[in-house]
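Structure first, then comments.
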Amino acid sequence: MSGPAHPPEADWESAPSLVDGAMNLELTAASCNLQYWLRAVPQGTLRGRVLGHAEDAGTLDVVRRPGPFNDALTQELAFRSMAEEKATRAISYLVALAPDNDCMEFYATQLMDEARHAMVFRSHLPALGIAPHELEQEVERLAGADRDRVLVPLEELGLRVLRDEGDFIGGVVVLTVLVEGVLAPAAELSERKWRVFDPAASEIERGAGIDEIRHLTVGSSIAREYLLKHPEEKPRILALVRDGMRLWAELPSAELVHRREVLFQQGLEEHGALAGDYEVWPGRRLVDTTAEERERTAHEWAGRMQRARLAYMGLEEAL
């Protein structure tokens, strides 16, 4: 064979971290079409991991049983499943509005990715003690209020742009900059911090993160190419980004992240010996971190990534 069976950025072992990949890789809709996805995802990222993790990846009892770790992770997974479900439904408009076949195929594959993410986040909840027949009610109990306060306003913005205005490129920018671009660093932190205590959940985050690298880089490429061809559209797109940033500033997203990090910290204080010398990032042991430090680090990752993506698209003035 002349090359790898699937692209290195979609390979479980060789793919970069979500933040590094989203900041440094360049992928396009033409290079990430349906043919690419069929080779890269089912045969690469997901091989042996239909539910997002290897069969032998487990969950420690300190996470399975009631307690702060369990509370933190069940709240996070319930919220993430709701967010991915809403993303799936919104992306259907990008498929319908796509101006060419490459974009249509790419967003069709992203729709599948997001639907899978919703499924694997939700499907891990029974491993954390939630009865399968009560899954829907428990997801609502765990994350319904956060959905209404954080996700619904974002959804309303996206639907106004996509459904009501039929604005393909505006929808691309909203999804890439204002939704995935802001949420991605929190997912990166989750992959790292749960690696010791719930390897299965960490692998679920890893697989979703590999997909998100592709979503962020291709979305940025589509916006960049559009604005290079239509520079007269830049003021309108800049105004949309700024409006979205103002909306984000008004949402209680930091509050819900802090709540989960406080719970994680309580679990860490009880069971930190299990983490040993594991470093959540180079030179920093997980057991030595605080809730505020982890939040601050994820916020810094988000800022760096957003600046890099906006500069690549030619929208750095939005900051």
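Counting from 1, the numbers follow the sequence of the chain as shown.
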* To do: Please confirm whether the backbone N or O of P199 pairs with a side-chain atom of S202, one donor and one acceptor, at under 3.5 Å?
  => no
* Asked: Within the side chain of R64, is there an N or O that forms a donor-acceptor pair under 3.5 Å with the backbone of T59?
  -> yes
* To do: Describe, in one word, how the ring planes of F197 and F69 are oriented to each other, choosing from parallel (under 30°), tilted (30 to 60°) and perpendicular (over 60°).
  => tilted
* Asked: With distance as the sole test, does N24 use its side chain to make a donor-acceptor pair with the main-chain N or O of D20 at under 3.5 Å?
  -> yes
* Do side-chain atoms of R49 reach the backbone of G207 as a donor and acceptor pair under 3.5 angstrom? -> no
* To do: Flag the pair W37 / F106 as yes when their ring centroid distance falls below 6.0 Å, and as no otherwise.
  => no
* Asked: Should the pair R147-E140 be classified as a salt bridge under the 4.0 Å nitrogen-to-oxygen rule?
  -> yes
* **Electrostatic pair E191:R195 at N-O distance under 4.0 angstrom** => yes
* Asked: Short question: side chain of T45, backbone of A10 - any donor-acceptor pair under 3.5 Å?
  -> yes
* Answer yes when R236 and D167 have at least one side-chain N-carboxylate O distance shorter than 4.0 Å, and no when they do not. => yes
* **L27 backbone acceptor or donor facing R214 side chain under 3.5 Å** => no
* **S190 side-chain N/O to A186 backbone N/O, donor-acceptor pair under 3.5 Å** => yes
* Evaluate side-chain contact (heavy atoms from CB on, under 4.5 Å) for Y278 paired with K193, printing each intermediate quantity in order. => CA-CA 10 Å; Y278 166 68; K193 76 183 186 186; over 6 Å; no
* To do: Answer whether the closest heavy-atom distance between the side chains of S17 and E188 falls below 4.5 Å.
  => yes
* To do: Only pairs at least two apart or in different chains count here, so list each salt bridge (Lys or Arg N to Asp or Glu O under 4.0 Å) that has a residue in residues 267-277.
  => D277-R285
* Dump the intermediate steps for side-chain contact (heavy atoms from CB on, under 4.5 Å) on L154 and L251, then the final yes or no. => CA-CA 9 Å; L154 289 171; L251 298 178; 3.9 Å; yes
* Check for a donor-acceptor pair, side chain of S14 on one end and backbone N or O of P8 on the other, with a separation under 3.5 Å. => yes
* **Salt-bridge criterion met for E293 and R296 (N-O under 4.0 Å)** => no
* Asked: Linking I/L/V/M/F/W/Y whenever their side-chain heavy atoms sit closer than 4.5 Å, directly or via other members, would V152 and L175 fall into one cluster?
  -> no
* Asked: Just by modelled atom types, is the L128 backbone N or O under 3.5 Å from a matching donor or acceptor in the N70 side chain?
  -> yes
* Salt bridge E85-R89, side-chain N to carboxylate O under 4.0 Å -> yes
* To do: Decide, yes or no, whether a salt bridge links D113 with R116 under the criterion of side-chain N to carboxylate O below 4.0 Å.
  => no
* Hey, is the main chain of D164 close enough, under 3.5 Å, to the side chain of R160 for a donor-acceptor pair? -> no
* Asked: Angle class for the H215/H117 ring planes (parallel below 30°, perpendicular above 60°, tilted otherwise)?
  -> tilted
